[in-house]
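First the structure, in the form of structure tokens, and then the observations on it.
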Amino acid sequence: MKIATWNVNSLNVRLPHVLDWLASAAPDVLCLQELKLEDKKFPKEAIEAAGYQVAFMGQKTYNGVAIISKHPIEDVVYNLPNFEDEQKRLIAATINGVRIVGGYFPNGQSLDSEKYPYKLAWLTALTEWLAGEMEKHPSLALMGDFNIAPYDIDVHDPKAWEGQNLVSPPEREAFFKLIGLGLTDAYRVKYPDAEKMFSWWDYRMQGFRRNLGMRIDHILLSAPLLASLTACEIDKEPRKWERPSDHAPVWATV
DNA sequence: ATGGCATTATGCTAATGA
């Protein structure tokens with residue numbers, strides 16, 4: 001099964017990109033983040049016409065997540081049951097016996113922002129909920145825009161970014177608590193030492209052309225899925241398209 | 001060098017993203 005995640009930064013704008021990528025990459029499952037549209041504006045018909053089913057939870061202007069799948073989508077959970085939240089950031093479902101958890105993790109903005117403790121609280125709630133989820137579903141994939149670069153080699157200029165939002169020690173500790181549940185960073189299994197391999201590039205300063213990016217979009221696999229992992233890649237092609245998202249899709253085959 | 005660029009909305013300026 002080919003599973004993927006992509007922060008599309010507005011599905012209104014990026015629907016053609018998503019349809020093109022579904023046709024060319026043909027994933028079984030694609031988690032989307034940052035839909036930035038209301039449920040009533042979700043392009044359900046266009047995605048179904050492409051041969052996919054969909055579960056989604058939209059929000060005007062900000063956030064919003066979806067799971068697109070070639071196979072039946074079962075037991076959908078919307079947002080963290082243990083975390084009261086106005087923001088639409090998480091969707092989970094069972095597909096082909098695999099528990100898929102798609103998340104748009106809070107950005108945090110900066111360490112002195114009120115959004116930073118919200119990010120850490122969200123991560124704590126996710127970790128607590130996910131522990132129970134993994135007991136119920138041994139085959140589980142946690143994927144999405146984590147807004148955390150786990151290692152210095154995931155950052156184009158680690159010196160300049162040292163201690164800042166997206167790489168700060170409390171965020172990285174939260175990331176490794178998720179790993180501690182028994183999850184594995186699929187990309188790092190395939191490419192343990194690869195440097196300058198990013199999933200997001202700033203729109204400004206010709207960030208993509210100069211490869212000034214961060215690896216913040218991840219696929220984390222439980223042990224049974226890790227055992228069947230055959231490939232994991234970041235697809236940089238859509239980032240070269242006209243009017244791209246600032247994120248690239250990341251996919252794995254399990 | 002706290003700029004740069006893209007998206008959205010009680011829109012033409014401001015907030016947010018990462």
Side-chain angles (χ1 to χ4, degrees), chain A residues 5-18 31-43 56-66 85-90 102-123 126 143-175 187 196-219 234 236 238-250:
Chain A
T5 176
W6 194 4
N7 178 328
V8 290
N9 185 21
S10 168
L11 187 57
N12 275 324
V13 176
R14 236 65 70 185
L15 178 62
H17 302 62
V18 171
C31 294
L32 297 181
Q33 300 90 41
E34 280 209 89
L35 306 178
K36 293 187 172 181
L37 49 72
E38 296 166 278
D39 283 348
K40 64 184 179 190
K41 293 187 176 174
F42 190 92
F56 56 91
M57 176 176 54
Q59 183 180 336
K60 193 159 94 173
T61 314
Y62 302 113
N63 310 312
V65 286
D85 198 355
E86 294 294 308
Q87 304 181 31
K88 312 300 190 190
R89 295 188 172 275
L90 184 128
Y104 174 46
F105 293 38
N107 175 288
Q109 197 169 55
S110 64
L111 270 61
D112 57 3
S113 165
E114 62 192 16
K115 291 172 185 151
Y116 184 79
Y118 163 74
K119 179 179 194 174
L120 296 180
W122 193 93
L123 283 158
L126 171 67
M143 49 213 282
D145 176 359
F146 282 57
N147 271 314
I148 300 171
Y151 306 97
D152 278 352
I153 54 171
D154 299 318
V155 182
H156 72 270
D157 187 347
K159 276 278 179 242
W161 277 87
E162 189 172 4
Q164 293 195 53
N165 190 50
L166 307 185
V167 304
S168 71
E171 294 169 72
R172 285 180 167 174
E173 282 162 23
F175 179 87
Y187 191 79
K196 311 280 184 195
M197 299 303 290
F198 307 130
S199 66
W200 168 86
W201 301 261
D202 203 306
Y203 283 123
R204 300 164 292 186
M205 294 163 56
Q206 296 182 293
F208 182 68
R209 190 181 64 72
R210 299 161 65 199
N211 200 27
L212 305 179
M214 313 265 272
R215 193 177 70 93
I216 54 177
D217 301 87
H218 308 297
I219 298 176
I234 301 167
K236 290 169 74 169
R239 190 62 176 76
K240 303 171 185 170
W241 296 348
E242 190 116 355
R243 229 182 157 191
S245 168
D246 44 357
H247 293 254
V250 182

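These figures come from a predicted structure and were not determined experimentally.
- Between B:dA1 and B:dA15, the two P atoms lie 26 Å apart (nearest whole Å).
- Contacts of A:Q87 classified as side-chain contact (heavy atoms from CB on, under 4.5 Å), with partners at least two apart in sequence or in another chain: A:Q59, A:N63, A:D85, A:R89, A:Y118.
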Do nucleotides 8-18 of chain B as a string where each nucleotide becomes B, S or -: B if the base has a protein heavy atom under 4.0 Å, S if just the sugar-phosphate does, - if no protein is that close. SSS-----SBB
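- Among residues two or more places apart in sequence or in another chain, the side-chain contact (heavy atoms from CB on, under 4.5 Å) test is passed with A:P16 by none.
- Each of A:S199, A:P238, A:C31 was scored for a side chain to side chain contact (heavy atoms under 4.5 Å, CB included) with A:W6, with one residue passing: A:P238.
- Listed by chain and residue number, A:K196, A:F198, A:W201, A:K236 satisfy the side-chain contact (heavy atoms from CB on, under 4.5 Å) test with A:N211 (two or more places apart in sequence, or in another chain).
- Between A:Q206 atom CD and B:dA6 atom C1' there is a gap of 15 Å when expressed in whole angstrom units.
- Legend: residues meeting side chain to side chain donor-acceptor pair (under 3.5 Å) with A:K40, ordered by chain and number and at least two apart, are absent.
- The side-chain contact (heavy atoms from CB on, under 4.5 Å) test applied to A:R204 returns A:D202, not counting sequence neighbours.
- Between A:H247 and A:W200, the two ring planes are tilted [angle within 30° to 60°].
- Here A:R210 lies out of heavy-atom contact (under 4.0 Å) with every strand.
- Between B:dT7 and B:dC12, the two C1' atoms lie 15 Å apart (nearest whole Å).
- Within the structure, salt bridge (Lys or Arg N to Asp or Glu O under 4.0 Å) contacts touching residues 105-121 of chain A (residues at least two apart or in different chains) are A:K119-A:E171.
- As rounded to whole Å, 12 Å separates atom P of B:dT2 from atom CE of A:M205.
- Spacing between B:dT2 and B:dT13 at atom P, rounded to whole Å, works out to 24 Å.
- The gap from the P atom of B:dA14 to that of B:dA18 amounts to 22 Å, rounded to the nearest Å.
- Across the protein-nucleic acid pair, A:L15 atom CG and B:dT7 atom P stand 14 Å apart, rounded to whole Å.
- Under the ring-ring contact (aromatic ring centres under 6.0 Å, His included) criterion, A:Y104 pairs with no residue at all, not counting sequence neighbours.
- Computed from coordinates, the A:L212 CG to B:dG3 P distance equals 19 Å when rounded to whole Å.
- Comparing B:dC5 with B:dT10, their C1' atoms sit 25 Å apart, to the nearest whole Å.
- In the region residues 150-160 of chain A, proximity to DNA chain B at under 4.0 angstrom, judged on heavy atoms, holds for none of the residues.
- Only the P atoms considered, B:dA6 is 23 Å distant from B:dG11, to the nearest whole Å.
- By the salt bridge (Lys or Arg N to Asp or Glu O under 4.0 Å) test, A:D154 pairs with A:R188, A:R215, sequence neighbours left out.
- Looking at residues two or more places apart in sequence or on another chain, you find a ring-ring contact (aromatic ring centres under 6.0 Å, His included) between A:Y151 and A:F176.
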Represent DNA chain B in dot-bracket notation, 5' to 3'. Only Watson-Crick or G-U wobble pairs with both distances under 3.5 Å count; pseudoknot-style crossings use [ ] and interstrand partners use |. ....(((((...))))).
